[in-house]
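Structure, as structure tokens:
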There are 2 protein chains.
Amino acid sequence: MSESRTQDLSDSSAGARKPVRSGKSSATIYDIAKLAGVNPSTVSRALSKPGRVSAKTQKLIEDAAAQLEYRVNPFARALPTGRTNTLALIVADITNPTFFGIIRGAESTATARDYTLMLAESAESADTELTAARRMLTTVDGLILASPRMDDNHIRELAREKPVVVINRQVDGVPSVVPDVNKGIGEAVRNLAANGHRKVAYVAGPPQSWMTARRWEGVRAACEWSHLECIQLPSHKPTVDGGRQVARDVVASGATAVMTYNDLLAIGLMQELQAAGMQVPDRISIVGFDDIFGADFTTPALTTIRSPMAACGTEAATLLLEVLHGAEEVSPALQVETELVLRGSSGRLLAADHPA
Amino acid sequence: MSESRTQDLSDSSAGARKPVRSGKSSATIYDIAKLAGVNPSTVSRALSKPGRVSAKTQKLIEDAAAQLEYRVNPFARALPTGRTNTLALIVADITNPTFFGIIRGAESTATARDYTLMLAESAESADTELTAARRMLTTVDGLILASPRMDDNHIRELAREKPVVVINRQVDGVPSVVPDVNKGIGEAVRNLAANGHRKVAYVAGPPQSWMTARRWEGVRAACEWSHLECIQLPSHKPTVDGGRQVARDVVASGATAVMTYNDLLAIGLMQELQAAGMQVPDRISIVGFDDIFGADFTTPALTTIRSPMAACGTEAATLLLEVLHGAEEVSPALQVETELVLRGSSGRLLAADHPA
DNA sequence: CTGCTTTTGTCAACCGGTTGCCAAATATTG
DNA sequence: CAATATTTGGCAACCGGTTGACAAAAGCAG
């Protein structure tokens, strides 16, 4: 009888052909309204605005909703409001264990606050990353970029349309969550110094990576403080293969301890050195970065500096949700601490042969 | 002048305050219609239906759309049609490398066909899985379940609402993609037999896992064919720790070769055996399953049976898209082949000490 | 040039919630 | 008990596309 919404009757004939709606597609607020004997808008209010309707009506509506197994239609809600209760997370590489923690942390935080997380990967390409970001931006309330490859301006441009939080990088005017690498690096370097090492090589990551610069800076500063010599070696790619390829340079450098941009490099390096007959850690100590999945599969297990990635994910999501819920002032750069995970690949140098 | 949509004129005064549309909220088909001098519905048709409008109008509209940088509003489209151009993939555990390939494969296939993939994890819990599935089902066009933990009936129930494809499992009436384990297992068992092994232990996975049963069956059959004795050992959990814990049982069983439900078990087992002083593969051979990330980090590197997970993901997504695009008949169970990846953890038994 | 089929574009109703505005109902106060 | 302040619920417009029905325009045969 409702004056406007009578059309569903008209296609009752077609209903026989199509799989109908037979209990399927869930109930709407109109159904609830009818059942509870109130206006649809009242239902809407009861279900979203806190104390906008009387307790009595509230109960009535909630019962009806429960009875009909009502679930809001996210699209219908998103259309007028723009709110989607969805966050996007873009990572450089899903298979890179570094991101697991981030994904997990962000996912659980989002879910806990009744948001859905959409995940995309950029395959380490700045272009793909930007495309993915643009595509998702229309669909989500906010965006988390983990170790973004795109340049600052693009990031700011995205941030102008929707709230953005970056992880593992700092961009002026965009809130970020970054590990404070210095604590972990300090522990590692002190440990190396205590074990008699005098020269440390840092195997760098991709030149355009914000993070590799921070890490190198940290290593350099810590080495200076501990009066260790240190040098930086470029790597071809931040992967196991890249680590293998840099092995010769490492040996040639005369360093007795190596710190790498990430664990994959460390693992490749260790494999290649061992294959060449060098004992780890007797002849050379290796310290990775990140404590990825599998870092303890090696023999010896890899000493590494762990960034609490899950915490990064959690913090980033929390930050983003705060912004979305109207927080004006958010700390522009949140720091999470890193720590040394001491395993078998680093230790005391066996006997002589390192430069006096 | 259009009778119904005149409201935007009314706030033309406010237009001065608001940043107009200046890059902000994107153009609508109404804007295009105005610019091109046609009716909005014509714009809609030009942009979605193939040759529904004349070439001339088509061009006119496309130019206008390009000029305004138009992008369809996914919600507006989803609301009346139900189509979202989105697929959901639910995996048991994001950090389990087994799923990387699946995710990658599904993601790239979806993206290539202009669909977006939403990812959720179930944390290995049947309940969480079902909840996640139900939640996403309202938002997506179809669902891929990788190694689902929930029971057949729940899966069928979901499949009744939206198209579903399962990976690593078979459910009556639901299309699936499963690795054909027999090829890989056959290769592995033949290899073990050729290396003088006579007794093989299979370390099983979670009892409710469909896959562990398939693998055990395959191992049993292959061993029978090759006249090897074989036994099944339960494991506590399908993880590295679970592998460590089962080491004593393995030794006690007297088997000289072990095949495990997955690589994590194999790695844990190997670590524990080595820690107890048993040489691998001199005293015991170990064959894992899946060839996960990190399987070659160990010393010796792990021999394992690889399932082409990326292919599974690709096939599953393709299958799902076919169903969505109206394919009536889809092959109910697509098989992808497995293969033995021979590395260092398996080989010839050194000397005596195995049962005659 | 007329009559009929095929294109092509317009109208208007709808998808399912949200929200500003207003009036009825209820509570508070003098 | 009247008068005013406060709740509470209803109305209706709107978000931005989609689509069935229909009429105008164009194409074509006779």
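Protein chains get the first letters and strands the later ones, always in sequence-line order, with residue 1 at the start of each. Because the structure is predicted, anything quoted here is derived from the model rather than measured.
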Assuming nearest nucleotide by heavy-atom distance, tell me which of A:Lys49 and B:Thr42 is located more 5' along DNA chain C.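 Nearest nucleotide further toward 5': that of B:Thr42.
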On the nucleotide C:dT18, are OP1 or OP2 found under 4.0 Å from the side-chain N or O atoms that A:Tyr30 carries? no
Tell me whether the OP1 or OP2 atom of C:dC11 has a side-chain N or O from B:Asn39 closer than 4.0 Å.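 Looking at the OP1 and OP2 atoms of C:dC11, one of them is under 4.0 Å from a side-chain N or O of B:Asn39.
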When you compare the side chains of B:Asp127 and B:Ser125, does any donor N or O come within less than 3.5 Å of an acceptor on the partner?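 There is no such pair between these side chains.
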Any donor-acceptor pair under 3.5 Å linking the side-chain atoms of B:Arg71 with those of A:Thr138?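 There is no such pair (donor and acceptor under 3.5 Å, judged by atom type) between the side chains of A:Thr138 and B:Arg71.
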Scanning both residues in full, the closest heavy-atom pair of A:Asp114 with A:Asn85 reads O-OD1, 3.1 Å
At their closest point, which heavy atom of A:Ile29 faces which heavy atom of A:Ser44, and how far apart are they? CD1-CB, 4.4 Å
Could you walk me through whether B:Asp152 and B:Arg169 pass salt bridge (Lys or Arg N to Asp or Glu O under 4.0 Å), step by step? CA-CA 10 Å; B:Asp152 282 21; B:Arg169 174 152 163 187; 2.6 Å; yes
Carboxylate-amine/guanidinium contact A:Arg134 A:Glu161, below 4.0 Å: no
Does a side-chain N-to-carboxylate-O contact under 4.0 Å join A:Asp93 and B:Arg104? yes
Name every residue in residues 75-88 of chain B that has at least one heavy atom under 4.0 Å from any atom of DNA chain C, in order of residue number, or write none if there are no such residues.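 Result for residues 75-88 of chain B: B:Leu79, B:Pro80, sorted by number.
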Any residue of residues 53-65 of chain B with a heavy atom less than 4.0 Å from an atom of DNA chain C: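 Residues of residues 53-65 of chain B under 4.0 Å from DNA chain C: B:Val53, B:Ser54, B:Thr57.
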Gap between atom CD1 of B:Ile144 and atom CG of B:Leu320 - 0.5 Å precision: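 The CD1 atom of B:Ile144 is 5.5 Å from CG of B:Leu320, to the nearest 0.5 Å.
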Side chain of B:Arg45: nearest nucleotide among C:dT10, D:dG10, D:dG17?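 Of the candidates, C:dT10 comes closest.
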Using the side-chain heavy atoms of A:Ser41, tell me which of these nucleotides is nearest: D:dT18, C:dT19, C:dG17.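 For the A:Ser41 side chain, the nearest candidate turns out to be C:dT19.
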